[in-house]
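Remarks on the structure that follows.
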Amino acid sequence: GRLSAAERQLLDAMSVAPEALPLFIVEALEKRLGCAVLGELEAAGLLTRDHDNDIRFRHELARLAIMNALSPADLQANHSSLLEIYLELGDSVKPNRIVHHAAALGHGRLLLEYAPRAARLAAALGACKEASAHLELALQYVGEAEPEVAAGLYEEWAYQTSLFEVSDRVIEARRQAVKLWRELERPERVGDNLRWLWRMYWYLGEADLAAAMASESLAILEAIPPSLELTNAYALRAQMNLLKGKREHSIRWGQRALAMAPRFIDLQTQALVKVTVATAMLFDGDDAGRALMNEALALALTNGLHEEACLLYT
């Protein structure tokens with residue numbers, strides 16, 4: 001209550017940011033507001049600096065109390081102020097900061113642009129739930145996106161979400177991607193999303209639907225020139241045969257996938273195929289599978305392949 005109007009104005013503006021703000025952002029905010037009161041707020045014990053010299057509220061309850069006291073108009077204005085500063089600063093600002101304020105303001109265009117960027121950064125750290133949440137914000141405005149962008153959003157959200165949830169809404173997202181890629185006449189993407197539906201239905205115990213998706217996926221992908229998508233389908237076929245106890249078939253399909261390297265295989269698929277073949281070999285009593293398993297594990301850990309590393313440890 002003893003704060004000056006300028007001090008309260010800066011606190012209000014900062015309260016809509018859920019994480020610490022770099023010093024240069026706070027200085028840009030002061031310039032925008034026409035005040036220079038950061039020192040006073042630190043002396044009053046409301047703001048503090050962390051080891052990176054970033055500025056944060058001394059206590060999160062203080063930030064929430066100040067933010068919740070704002071009128072709807074002031075709340076929107078403060079979100080806008082920070083968003084405009086971030087956009088002016090460009091690539092020096094993490095995309096998740098832009099996503100937070102764009103979501104509060106309902107800026108669909110910005111969410112379609114920045115949410116996938118924020119999701120990719122989160123995914124690289126293994127934060128699949130955070131990545132999924134970013135993409136879900138963008139999907140609220142998927143009707144404003146170009147068909148290719150929309151299809152990609154459905155794919156990315158479905159993948160990140162499937163890492164912690166296998167549900168009807170994940171399957172529906174894959175079906176939406178299939179529909180859009182069909183309209184765009186992109187058979188390799190249609191086949192790839194059908195491969196994912198094959199996997200999802202298997203997880204849900206829907207064996208007949210999984211088999212139907214498998215047949216359709218392979219029929220589409222084998223009818224066009226060799227591709228990464230076809231390699232991925234062979235890799236999944238190897239994995240499914242392993243899970244059915246058909247180890248000889250698993251090894252054969254895995255070797256078929258590996259034979260398409262290096263042109264039509266990525267690191268993720270290599271790791272998946274190698275662990276599948278290694279597991280089949282070990283269950284068959286072939287100790288040579290141990291070296292292949294360790295090779296796959298090194299590949300996964302070196303390249304940050306979180307899902308494949310988890311599968312290997314399992």
Side-chain angles (χ1 to χ4, degrees), residues 3-42 44 46-50 52-60 62-122 124-125 127 130-131 133-146 149-150 152-153 156:
L3 296 178
S4 68
E7 289 168 337
R8 185 58 188 264
Q9 190 178 21
L10 181 60
L11 278 186
D12 287 351
M14 291 180 62
S15 72
V16 300
E19 54 189 341
L21 292 172
L23 179 59
F24 71 93
I25 297 290
V26 178
E27 289 173 343
L29 196 53
E30 284 187 305
K31 185 177 179 181
R32 186 181 186 87
L33 297 173
C35 64
V37 292
L38 175 58
E40 286 87 339
L41 290 169
E42 289 181 276
L46 284 162
L47 297 180
T48 187
R49 300 186 187 220
D50 61 22
D52 291 324
N53 214 29
D54 289 349
I55 312 299
R56 66 171 68 249
F57 279 80
R58 186 179 61 81
H59 202 292
E60 176 66 0
R63 184 188 75 81
L64 291 173
I66 290 168
M67 183 182 71
N68 290 335
L70 294 174
S71 69
D74 287 340
L75 193 64
Q76 295 288 92
N78 288 319
H79 276 298
S80 293
S81 292
L82 274 174
L83 180 59
E84 287 171 16
I85 289 171
Y86 291 158
L87 293 174
E88 287 169 6
L89 292 169
D91 292 340
S92 62
V93 175
K94 294 178 182 178
N96 65 302
R97 293 182 184 273
I98 294 173
V99 168
H100 172 74
H101 299 292
L105 295 165
H107 278 312
R109 180 185 60 79
L110 288 176
L111 286 170
L112 289 169
E113 180 180 353
Y114 286 95
R117 296 187 197 178
R120 283 188 283 274
L121 288 175
L125 297 172
E130 184 177 343
H134 286 315
L135 293 164
E136 195 157 357
L137 288 172
L139 279 174
Q140 295 176 22
Y141 302 93
V142 71
E144 300 176 19
E146 293 296 320
V149 173
L153 272 176
E156 289 186 58

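Just so you know, these numbers use all the heavy atoms, side chains as well, and skip hydrogens, waters and symmetry mates.
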Nearest heavy-atom pair of [X] and [Y]: which atoms, and what distance?
{"X": "A20", "Y": "R56", "result": "CB-NH2, 3.5 Å"}
{"X": "Y86", "Y": "R97", "result": "CE1-CB, 3.6 Å"}
{"X": "Y141", "Y": "L111", "result": "CE1-CD1, 3.4 Å"}
{"X": "A119", "Y": "H134", "result": "N-CD2, 3.9 Å"}
{"X": "R8", "Y": "A69", "result": "NH2-CB, 4.3 Å"}
{"X": "A118", "Y": "V99", "result": "CB-CG2, 4.1 Å"}

Just how far is it from atom [atom1] of [X] to atom [atom2] of [Y], taken to the nearest 0.5 Å?
{"X": "L153", "Y": "E136", "atom1": "CG", "atom2": "CD", "value": "11.5 Å"}
{"X": "L46", "Y": "T48", "atom1": "CG", "atom2": "OG1", "value": "10.5 Å"}
{"X": "R117", "Y": "K94", "atom1": "CZ", "atom2": "NZ", "value": "15.5 Å"}
{"X": "L135", "Y": "L112", "atom1": "CG", "atom2": "CG", "value": "10.5 Å"}
{"X": "F57", "Y": "I66", "atom1": "CZ", "atom2": "CD1", "value": "4.5 Å"}
{"X": "H79", "Y": "H100", "atom1": "NE2", "atom2": "NE2", "value": "5.0 Å"}

Let's go through Q76 and L105 carefully: what are the C-alpha distance in whole Å and the side-chain angles of both, what is the deciding distance for side chain to side chain contact (heavy atoms under 4.5 Å, CB included) to 0.1 Å, and is it a yes or a no? CA-CA 7 Å; Q76 295 288 92; L105 295 165; 3.7 Å; yes
Quiz question: by atom type and distance under 3.5 Å, do the side chains of N96 and E130 form a donor-acceptor pair? no
What residues form a ring-ring contact (aromatic ring centres under 6.0 Å, His included) with Y114, not counting sequence neighbours? none
Evaluate L110 against L83 for side chain to side chain contact (heavy atoms under 4.5 Å, CB included), listing each step before the verdict. CA-CA 10 Å; L110 288 176; L83 180 59; 3.8 Å; yes
Just so I know, are the side chains of [X] and [Y] near enough to count as touching, which here means a heavy-atom distance under 4.5 Å?
{"X": "R63", "Y": "P18", "result": "yes"}
{"X": "V16", "Y": "L70", "result": "yes"}
{"X": "V26", "Y": "D54", "result": "no"}
{"X": "L47", "Y": "L11", "result": "yes"}

Between D12 and the options N78, L33, D74, L75, the side-chain contact (heavy atoms from CB on, under 4.5 Å) test singles out N78
Before you tell me yes or no, could you show the steps for L82 and I25 under side chain to side chain contact (heavy atoms under 4.5 Å, CB included), namely the whole-Å CA-CA distance, both residues' side-chain angles and the distance that decides it to 0.1 Å? CA-CA 8 Å; L82 274 174; I25 297 290; 4.0 Å; yes
Neighbour count above 12 (heavy atom, 6.0 Å) for D91 CG: no
Counting neighbours of CD on E146 that are heavy atoms of other residues, nucleotides or ligands and sit closer than 6.0 Å, is the number greater than 12? no
Dump the intermediate steps for side chain to side chain contact (heavy atoms under 4.5 Å, CB included) on R49 and L23, then the final yes or no. CA-CA 9 Å; R49 300 186 187 220; L23 179 59; 3.7 Å; yes
Would you say the side-chain atoms of E30 pair up with the backbone N or O of L10, donor to acceptor, closer than 3.5 Å? no
